[in-house]
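Step one of this worksheet: look at the structure below.
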Amino acid sequence: QVQLVESGGGLVQAGGSLRLSCAASGRTFSGSAMGWFRQAPGKEREFVATITWNSRNTNYGNSVIGRFTISRDNGKNTVYLQMNSLKLEDTAVYYCAARAGFFSSTSSSEGAYDYWGQGTQVTVSS
């Protein structure tokens, strides 16, 4: 049982920064690989970033490398997405996701994730 709640979205100017949080509850959180995905209107869900349970491995989508950073604090049951140098095309609903297996690996495929949050809106303005 894993429940995820995203927060931190909002309106930000292009070039600005925003930090998203994903608060997780459930016994398996500390051993689960986590991911961030996003979905813009009329678009399919897009992989953003992922991180292993121990933070030793991370991976990013090509569109966000060098600008976004994923991190986690298992003691706080929280995963973060630090977004810098935001662009208009970053506008989307951002979703936090968790894999079910203990010590699971990173994955860029949404099908690899078993639990999803409700999403938080990020809007980048010019």
Side-chain angles (χ1 to χ4, degrees):
Q1 176 73 21
V2 176
Q3 294 182 335
L4 308 172
V5 180
E6 302 95 337
S7 63
L11 178 65
V12 62
Q13 289 185 323
S17 298
L18 205 61
R19 190 192 197 195
L20 305 183
S21 297
C22 174
S25 62
R27 297 163 57 199
T28 63
F29 171 78
S30 62
S32 300
M34 305 291 296
W36 285 97
F37 292 77
R38 67 186 184 186
Q39 188 167 23
K43 301 289 187 179
E44 293 187 348
R45 194 172 299 174
E46 176 189 20
F47 167 71
V48 176
T50 182
I51 187 169
T52 54
W53 71 276
N54 57 6
S55 301
R56 291 182 181 176
N57 297 103
T58 59
N59 196 20
Y60 297 91
N62 289 335
S63 63
V64 305
I65 54 175
R67 300 187 299 119
F68 290 11
T69 302
I70 188 172
S71 62
R72 67 191 297 166
D73 186 337
N74 288 344
K76 296 181 178 179
N77 292 335
T78 302
V79 180
Y80 305 97
L81 184 69
Q82 179 67 47
M83 305 183 294
N84 299 326
S85 302
L86 284 163
K87 304 175 180 179
L88 292 177
E89 52 264 42
D90 293 320
T91 296
V93 176
Y94 284 71
Y95 297 92
C96 177
R99 300 193 67 180
F102 285 113
F103 313 115
S104 49
S105 61
T106 57
S107 177
S108 61
S109 174
E110 65 178 280
Y113 295 85
D114 301 279
Y115 305 99
W116 295 82
Q118 293 295 107
T120 185
Q121 176 71 47
V122 173
T123 302
V124 183
S125 63
S126 61

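Model, not experiment: these values are computed from the prediction.
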Inset, instruction - Run the numbers on Asn57 and Ser105 for side-chain contact (heavy atoms from CB on, under 4.5 Å), then give the verdict. - result: CA-CA 8 Å; Asn57 297 103; Ser105 61; over 6 Å; no

Inset, instruction - Could you go through the side-chain contact (heavy atoms from CB on, under 4.5 Å) check for Thr52 and Phe103 one step at a time? - result: CA-CA 7 Å; Thr52 54; Phe103 313 115; over 6 Å; no

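Between Tyr115 and Leu4 the shortest heavy-atom distance is O-CD1, 3.5 Å. When all heavy atoms of Tyr60 and Thr69 are compared, the closest pair comes out as OH-CA, 3.3 Å. Of all heavy-atom pairs spanning Ala92 and Ala40, the tightest one is CB-N, 3.8 Å. Shortest non-hydrogen contact noted between Gly9 and Val122 is CA-CG2, 4.1 Å. Shown here for Val124 and Gln13, the closest heavy-atom pair between the two residues is CG1-C, 4.0 Å.
Counted within 6.0 Å of CD on Glu89, heavy atoms from surrounding residues, nucleotides or ligands total more than 12; the atom is thus considered enclosed.
A distance of 11.5 Å separates OG1 in Thr58 from CD1 in Ile65, rounded to the nearest 0.5 Å. Taking OG1 of Thr106 as the reference point, atom CZ of Arg99 lies at 8.0 Å (rounded to 0.5 Å). The distance from the CG atom of Leu11 to the CD atom of Gln121 is 9.5 Å, given to the nearest 0.5 Å. The OG1 atom of Thr123 sits 10.5 Å away from atom CG of Leu88, with the distance rounded to the nearest 0.5 Å.
Counting only residues at least two apart or in different chains, disulfide bond (SG atoms under 2.5 Å apart) contacts with residues 63-116 comprise Cys22-Cys96.
Residues passing the side-chain hydrogen bond (donor to acceptor under 3.5 Å, both in side chains) test with Ser63 are Arg38, Glu46, sequence neighbours excluded. Residues forming a side-chain hydrogen bond (donor to acceptor under 3.5 Å, both in side chains) with Asn74 (at least two apart in sequence, or on another chain): Arg72. Applying the salt bridge (charged side-chain N to carboxylate O under 4.0 Å, His left out) test to Arg19 and every residue at least two apart in sequence or in another chain returns nothing.
Think of Tyr113 as one node in a network of Ile, Leu, Val, Met, Phe, Trp and Tyr side chains linked at under 4.5 Å; its network also takes in Phe37, Phe47, Val93, Tyr95, Trp116.
The backbone N or O of Gln118 lies less than 3.5 Å from a partner atom in the side chain of Glu6, making a donor-acceptor pair.
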Please output the side-chain donor-acceptor pairs of residues 78-85 that fall under 3.5 Å, not counting sequence neighbours, one pair per line with the distance.
| residue | atom | partner | partner atom | Å |
| --- | --- | --- | --- | --- |
| Thr78 | OG1 | Lys76 | O | 2.8 |
| Gln82 | NE2 | Asn84 | OD1 | 3.0 |
| Asn84 | OD1 | Ser17 | OG | 2.9 |

